[in-house]
*Asks:* 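Before I ask anything, here is the structure I am working with.
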Amino acid sequence: MNAPLQDQLAILTDRYATHHVINQAAPLEGFNAFLGDAVVSAAIARDAPWAAARCSAVGAIAGDAAVQEAARLANKYSPELRTHDRYGNRIDWVEFHPAWHQLMTLAWQHEVHSLAWTTKESHGHLARAVLSFLWNQVEQGTGCPTGMAYAGYAGLAAEPALKLWAEKATGNKYDFSRNEVRQKTSVVLGYAMTEKQGGSDLRETQTTAVFSHTETCHGAPADWYSLTGHKWFCSVPVADGFFTLAKVSGGVTCFFLPRTLPDGSFNRFFIQRLKDKCGNRSNASSEIEFAGSLAIRVGQEGHGIREILSHAHLTRLDFAVGSAGLMRQSLNLALNHTNTRRGFKLPLAEQPMMANVLADMAIEVESATLMALRVARATDHLDDDQHERAFARIATPMAKYFNCSRAPAIAYEALQCHGGNGFIEESPMARLYREAPLNSVWEGTANMMCMDVRRAMMKDRTTRDAFVAEISKAKGADRRFDVYIDQTSQLMDAACEDEYLARPATEAMARALQGAELIHYSTQDTADAFIVSRLAGVGGGSGSMFGTMGMGSNSAQAHRIVRRARLGPV
């Protein structure tokens, strides 16, 4: 008769009796972010089947537990500035945790930075966009140098004195050294544009440049200038070379500044401090000083902003793609948590309100992904298709604006799905939540993107007409969508007359393109729910928050949408 009491006493005195863990979500690992994603795997099958194996390899990296741990460590142990060595020599270098170099090695090995330029197959930019989408589910800080290398290649390849740099920019063996470009297997590129007084207004550049000399550089003549000035934001200050701006006789001019000069000496490149950012902790961002720093002129004197804008299409595309990738990772984590944790006798994902939330998020992520990939597909035809070129001119800043602005909302709602578990640093959700706003302020804020959309339509009417023609390809599939196209076209014209309407017009354009892509490539469930909840206004049965899809959709439809979004048997 004493046995039950003894058993109870044993339990009461067991130091760990209260720590028996039940009903915690399973870790999200051991999956393939490409093969399990119905949207991007179908896009590659349609347009670039040759890249499927490459995408699958990066998709497997995203689901690898060891790589996820490297991402955590790279963000936990932030870069540290070393201005001097132990002997007092000025070195201006940054030390990174080994996990950063592990991730960079993987990114370079899998050509996340370069596939668009190295492949001879069709739709190289689309394939590279999918790699970037997947890599942004690995770790976002390293997504900065991959994106800068992708965009910077175009500027290097057009300049004879920088062709060796272009060749090394596509190398797939990451090389973290200060060697001169000839001795490196690959190079990392950076940009140093903005200044304290100007921000996005690059016309206010105060850095100055004076001609120094002309000499042969890697087999071609180069015009070298001496630069003096301060740059307010310089990402990855240990990059091998930087595109930057300075004024020559009052005209803003583009330059390429190598960290190590052709004679092997270090350039005059002084890191003043590292920025203490709220997110993107793995990546070093800095303020830098030029003081007699030597740089090669790129393009003509006074044409610097035009030169940099030629790169901007690629950086903006990469931000639209990267934000879609971050949104997808947030959704993956939310789906995993809600499907493997129970509440009120059911998996959380099967609760009616949670199904509404998850389906709403899944619609948002799929529409963002398809829009970004449509811009990438247009980028593949900038040189040979007038319609695609005109369409891309306004669709790129539009997609950058919209996807980057929506990423924080998705990250927030995914964190809500986790509850308190999502708000601690051990959870990747905390990192994603801090990371989510960044892309919207890099390379042009929301207003700058909407201003660019408006300016392009006003300057060249064919851009507006190309966009309307593009979304009109989906006409006839849904009467509600047809009405929205007509309303969007009218709003575009109104925005050209009044800048006040630039943001609502750009948002309407983004939603119209998303709707068209969903009609073309998604399921009837998803396209219908998108149109009802996003395009029909207040009467369409959707509120301001995710999970507020109303009577225009139903629970069964929501569950089908969620099943489509899951990464297989998670």
Side-chain angles (χ1 to χ4, degrees), residues 81 83 90-94 144-145 148 151-152 154-156 158-159 161-162 165 187-215 217 222-262 265-275 277 283-312 315 441-445 448:
L81 174 61
T83 56
R90 183 99 194 199
I91 58 173
D92 292 281
W93 202 237
V94 179
C144 172
M148 291 192 297
L156 297 172
E159 193 70 32
L162 298 176
W165 281 90
V187 294
V188 177
L189 302 178
Y191 285 78
M193 301 294 169
T194 58
E195 299 184 359
K196 293 188 290 285
Q197 72 290 335
S200 298
D201 189 355
L202 299 178
R203 296 169 299 180
E204 294 300 316
T205 294
Q206 299 299 302
T207 299
T208 59
V210 294
F211 177 75
S212 173
H213 62 283
T214 299
E215 68 175 352
C217 180
D223 293 327
W224 289 85
Y225 288 66
S226 176
L227 276 58
T228 302
H230 183 100
K231 295 296 180 179
W232 190 233
F233 277 100
C234 173
S235 189
V236 196
V238 292
D240 297 288
F242 299 84
F243 285 97
T244 191
L245 295 174
K247 283 185 175 177
V248 180
S249 302
V252 179
T253 304
C254 182
F255 295 92
F256 184 77
L257 186 150
R259 281 283 252 134
T260 301
L261 296 169
S265 64
F266 298 154
N267 208 345
R268 295 176 62 81
F269 182 99
F270 304 112
I271 305 175
Q272 301 302 303
R273 62 171 173 167
L274 298 186
K275 298 288 193 179
K277 299 170 291 182
N283 180 26
S285 296
S286 64
E287 292 174 44
I288 59 170
E289 197 84 20
F290 300 146
S293 310
L294 292 174
I296 296 172
R297 193 189 76 228
V298 179
Q300 301 178 40
E301 288 187 2
H303 290 190
I305 295 177
R306 181 186 304 173
E307 176 67 31
I308 287 301
L309 285 177
S310 70
H311 308 194
T315 56
V441 297
W442 268 3
E443 303 295 335
T445 59
M448 292 296 297

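The first residue in the sequence is number 1, and the count goes up from there.
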*Asks:* Counting only N and O atoms by type, is there a donor-acceptor contact under 3.5 Å from the side chain of Gln206 to the main-chain atoms of Glu195?
*Replies:*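 Pair absent, no side-chain N/O of Gln206 close to backbone of Glu195.
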*Asks:* Could Lys231 and Glu287 be called an ion pair, given the rule that one side-chain N must be under 4.0 Å from one carboxylate O?
*Replies:*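 Glu287 and Lys231: not salt-bridged.
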*Asks:* Do Phe269 and Phe290 come close enough that some side-chain heavy atom pair is under 4.5 Å?
*Replies:* yes
*Asks:* Measuring only between side-chain heavy atoms, which start at C-beta, is Thr260 closer than 4.5 Å to Ser265?
*Replies:* no
*Asks:* For Arg90, what residues pass the salt bridge (Lys or Arg N to Asp or Glu O under 4.0 Å) criterion, not counting sequence neighbours?
*Replies:* Asp92
*Asks:* Considering only residues two or more places apart or on different chains, which pairs with a residue in residues 233-251 satisfy side chain to side chain donor-acceptor pair (under 3.5 Å)?
*Replies:* Lys184-Asp240, Ser235-Asn283
*Asks:* So, using side-chain hydrogen bond (donor to acceptor under 3.5 Å, both in side chains) as the criterion, who are the partners of Glu159 when residues are at least two apart?
*Replies:*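 Listed in chain order: nothing, the list is empty.
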*Asks:* Side chains of Ile296 and Leu162: closer than 4.5 Å at any heavy-atom pair?
*Replies:* yes
*Asks:* With sequence neighbours excluded, what pairs up with Ser226 under the side-chain hydrogen bond (donor to acceptor under 3.5 Å, both in side chains) test?
*Replies:*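 Partners of Ser226 under the side-chain hydrogen bond (donor to acceptor under 3.5 Å, both in side chains) test: none.
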*Asks:* Who passes side-chain hydrogen bond (donor to acceptor under 3.5 Å, both in side chains) against Lys277, sequence neighbours left out?
*Replies:*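 So Lys277 forms a side-chain hydrogen bond (donor to acceptor under 3.5 Å, both in side chains) with Asn280, Ser285.
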*Asks:* Going by the side chain to side chain donor-acceptor pair (under 3.5 Å) test, which pairs reach into residues 289-300, not counting sequence neighbours?
*Replies:* Asp223-Arg297, Tyr225-Arg297, His230-Glu289
*Asks:* For Gln197, is there any backbone N or O sitting under 3.5 Å from a side-chain donor or acceptor partner on Glu204?
*Replies:* no
*Asks:* Check whether any side-chain heavy atom of Glu307 sits under 4.5 Å from a side-chain heavy atom of Phe255, and report yes or no.
*Replies:*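 Not touching, per the 4.5 Å side-chain cut-off.
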*Asks:* Would you confirm whether Arg259, through its side chain, and Pro237, through its main-chain N or O, come within 3.5 Å as a donor-acceptor pair?
*Replies:*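 Yes; judged by distance alone, with no hydrogens or angles, the pair exists.
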*Asks:* Do side-chain atoms of Thr207 reach the backbone of Thr205 as a donor and acceptor pair under 3.5 angstrom?
*Replies:*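 Side chain of Thr207 to backbone of Thr205, a donor-acceptor pair under 3.5 Å: no, none is there.
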